[in-house]
Amino acid sequence: MRLSLMMFLNYVVWGAWYVTLDTYLTATLKFTGTQASAVFATTALASMVSPFFIGLIADRFFSTERVLAALHLIGAVFLYLVTRVTSFGGVYLVMLAYCLCFFPTIALTNALALRQVKNAGAEFPLIRVFATIGWIVIGLAIGWLKLETSSHMFLLAAVASLAMSAYSLTLPHTPPLGKGQPVTIGTILGLDALIMLKRRAYLVFIVASILACIPLTFYFTFTNTYLNEVGVVNAAGKMTLGQVAEVGAMLLMPFIFRRVTVKAILVAGLMAWSLRYGLLAYGNPGAGMWMFYVAILLHGICFDFFFMTGQLYTDQEAPAQLRGTAQGFLTFVTYGVGMFIGSHLSGVAVDFFTSTSGATVTRNWTGFWLSSSAGAFAILLVVAVFFQSKSKIVNKVSP
C-alpha cells in the first residue's frame with residue numbers, strides 16, 4: 001500500500017498538467033502548433049538528459065526515496081513559476097527546468113517499487129494501477145473545475161508535488177546497489193546500460209520503442225486540443241475513461257504475462273494504437289461520438305501492452321546492479337528520444353494540416369490522425385518481423 005500511494009501521488013502530479021498542456025498553450029496563450037509542440041517536447045528533452053544522472057545518483061550515492069523527495073520539492077517551485085510567465089521563451093525555459101526535475105521520478109518510482117517487491121510480474125501491475133487511479137482522479141478534477149485552459153492546473157500540481165516530496169521520506173529505505181563501485185565516464189553518461197544492447201532481441205525492442213513513440217506522441221500532444229476544438233464537452237473528464245480502461249487492463253496483466261509472449265503483447269498494443277487513430281480520424285461529437293469513446297477506452301491496451309510490458313521486460317533483462325540505470329535508459333529512448341522527435345513532428349504535422357483564411361484557422365484533423373495511424377501500423381510490422389524473442393515476463397520471486 002505504501003508503494004501504491006507513491007505511484008498515486010506521482011501520477012497526480014503528472015496528470016494535472018500533461019494532458020491539457022497544449023490546450024492551455026494554444027487556447028489561452030495563443031501559441032502556434034509548432035510552439036506548443038516545442039514546449040511539450042521539453043518533457044522528452046528532460047527524459048533524455050536527466051534519467052542517467054539520477055540513475056547514477058540513486059544507484060551509487062543516495063537512497064532512491066531521498067532523491068525523489070528532493071526532486072519533487074524543487075519541482076513544486078518551478079510549477080508555481082509556470083503560472084507567472086506567458087511568453088514562449090519564458091514558458092519553454094521554466095517547463096524545461098521543471099521537467100528536468102519530474103521525469104527522473106518515473107524511472108525512480110519504477111525502480112524503487114521493483115526493488116521492494118518479491119514477484120514483479122504478479123505484484124508490480126497491482127501497484128502500478130494506483131498510478132492510473134491517480135491520473136483518473138486529477139483528470140476528473142481538472143475537467144470538473146474547468147481548468148483545461150487555466151494556469152491553475154499547475155498550482156494543483158505544485159501542491160501535489162509538495163505532498164509527494166514529504167511522503168517520499170516515509171517510503172521503504174532503498175539504498176544504492178552500486179555503492180562503492182568506481183565511477184567511470186560510461187557511468188556518468190549512462191552508458192553502463194548499453195551492455196544490454198548486445199542481446200539482439202533487446203536491441204530490436206529498443207529500436208522499436210523509439211520508433212513507436214513517434215506516432216504515439218501525436219495522441220498525447222493534441223488529443224485534448226482536438227476534442228475541445230470539435231466541441232466535445234468536458235474533454236479532460238472523458239479522456240480519463242482511458243485510464244479506467246487501463247486499470248482493467250492492468251489487473252489482467254499478471255494473467256496475460258503467464259500465457260502470452262512479450263512479442264505478442266507488443267504487437268497487440270501497436271495494433272490498438274493504429275486502430276484508435278483511425279477512430280479519432282472519423283469520429284465526431286454527434287453520431288460518431290462512439291468512435292471517440294472507443295478510441296479513448298483503447299488506452300488500456302495501448303499503454304499497458306507497450307509501456308508497462310517494456311518496463312518489466314527491461315527489469316527482467318537487466319543485471320541487478322543496473323536496474324535503476326536500465327529503467328532510466330528505457331525512459332531515455334521512449335519518453336526521451338522517441339517522444340522528442342514525435343513532439344516536434346506532431347507540431348509540424350498540425351501546422352501542415354492547418355489552413356488560414358483571414359482570421360479563420362481550419363485544421364484537417366482527419367489527415368493528421370490518419371498519418372498517425374499509418375505510422376503506428378508501420379512500427380507494428382517492424383516488431384512482427386524483426387523481434388524474434390519468444391520470452392515471457394517471468395513471475396520470478398526475488399530473494
Side-chain angles (χ1 to χ4, degrees), residues 1-16 18-19 47 51 55 58 64-65 68 72 102-139 160 164 167-168 171-172 174 209 213 216 220 240-258 260 262 265-266 268-269 272 297-318 323-324 326-331 334-335 392-398:
M1 288 306 300
R2 293 164 70 189
L3 297 175
S4 298
L5 182 55
M6 172 192 72
M7 289 292 186
F8 179 90
L9 288 174
N10 207 55
Y11 278 69
V12 163
V13 176
W14 191 9
Y18 189 77
V19 172
S47 295
T64 303
E65 71 276 9
L68 284 170
H72 275 289
F102 176 78
F103 276 85
T105 70
I106 298 173
L108 290 176
T109 50
N110 288 337
L112 189 150
L114 290 167
R115 280 273 304 278
Q116 296 295 333
V117 300
K118 294 183 179 298
N119 190 328
E123 296 178 67
F124 183 71
L126 302 180
I127 294 170
R128 176 59 178 74
V129 75
F130 281 86
T132 304
I133 293 172
W135 192 287
I136 293 170
V137 170
I138 195 63
M164 177 63 183
Y167 181 69
S168 293
L171 291 170
T174 310
S209 295
C213 283
L216 268 54
F220 292 126
T240 62
L241 290 173
Q243 279 65 49
V244 174
E246 187 182 339
V247 171
M250 206 168 294
L251 294 174
L252 291 173
M253 293 311 286
F255 174 83
I256 294 171
F257 287 148
R258 288 196 297 270
V260 185
V262 171
I265 296 172
L266 295 176
L297 289 169
L298 279 171
H299 188 73
I301 297 175
C302 291
F303 192 87
D304 292 342
F305 278 42
F306 195 85
F307 284 97
M308 192 175 72
T309 299
Q311 291 166 359
L312 287 172
Y313 179 60
T314 295
D315 186 71
Q316 183 171 288
E317 294 293 307
R323 284 177 179 169
Q327 290 295 331
F329 180 68
L330 182 63
T331 301
T334 53
Y335 291 105
K392 297 179 181 179
I393 299 299
V394 180
N395 292 331
K396 181 174 64 175
V397 178
S398 62

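Since the structure is predicted, the reported quantities are computational estimates derived from the model, not experimental observations.
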H72 vs F102 aromatic rings, parallel, tilted or perpendicular, using cut-offs 30° and 60°?
-> perpendicular
Looking only at non-hydrogen atoms, find the nearest pair between G300 and A249 and report the distance.
-> O-CB, 3.6 Å
Does any non-hydrogen side-chain atom of S168 lie less than 4.5 Å from one of M6?
-> no
Kindly compute the distance separating CG (L241) from CG (L297), expressed to the nearest 0.5 Å.
-> 5.5 Å
Residues I301 and A272: closest non-hydrogen pair is CG2-CB, 3.7 Å
Do E246 and T132 get their side chains close enough for a donor-acceptor pair, meaning under 3.5 Å?
-> yes
The side chain to side chain contact (heavy atoms under 4.5 Å, CB included) partner of Y11 among I106, T105, I133 is I106
For E123, which residues count as a side-chain hydrogen bond (donor to acceptor under 3.5 Å, both in side chains) partner, sequence neighbours excluded?
-> none
Heavy atoms, side chains only, cut-off 4.5 Å: are R115 and L112 in contact?
-> no
Residue pair Y167, L5: steps toward the side-chain contact (heavy atoms from CB on, under 4.5 Å) verdict = CA-CA 9 Å; Y167 181 69; L5 182 55; 3.6 Å; yes
Are V117 and L3 close enough that some pair of their side-chain heavy atoms sits under 4.5 Å apart?
-> yes
Shortest non-hydrogen separation from V129 to V247 and the atoms involved = CG2-CG1, 3.5 Å
Give me the ring orientation class for F303 and F307: parallel if the planes are under 30° apart, tilted from 30 to 60°, perpendicular past 60°.
-> parallel
Report yes if the side chains of W135 and V12 come closer than 4.5 Å at any heavy-atom pair, otherwise no.
-> no
Would you confirm whether E65, through its side chain, and T174, through its main-chain N or O, come within 3.5 Å as a donor-acceptor pair?
-> yes
Any idea which heavy atoms bring M164 and N10 closest together, and the distance?
-> CE-OD1, 3.8 Å
Supply the atom-to-atom distance I256 CD1 to K392 NZ, rounded to the nearest 0.5 angstrom.
-> 12.5 Å
For the pair L171 and T64, evaluate side-chain contact (heavy atoms from CB on, under 4.5 Å) and give the outcome as yes or no after the intermediate values.
-> CA-CA 9 Å; L171 291 170; T64 303; over 6 Å; no
Is the shortest heavy-atom distance from the side chain of L266 to the side chain of F305 under 4.5 Å?
-> no
L252 and D304, any side-chain heavy atoms less than 4.5 Å apart = no
Interatomic spacing from CG in L9 to CG in L68 - rounded to 0.5 Å = 11.5 Å
Residues which pass side chain to side chain contact (heavy atoms under 4.5 Å, CB included) with V244, listed by chain and number, not counting sequence neighbours = I136
Could you tell me whether the side chain of F257 reaches within less than 4.5 Å of the side chain of T309, counting heavy atoms only?
-> yes
Do the ring planes of H299 and F220 sit parallel (below 30°), tilted (30 to 60°) or perpendicular (above 60°)?
-> perpendicular
Check whether any side-chain heavy atom of M7 sits under 4.5 Å from a side-chain heavy atom of F124, and report yes or no.
-> yes
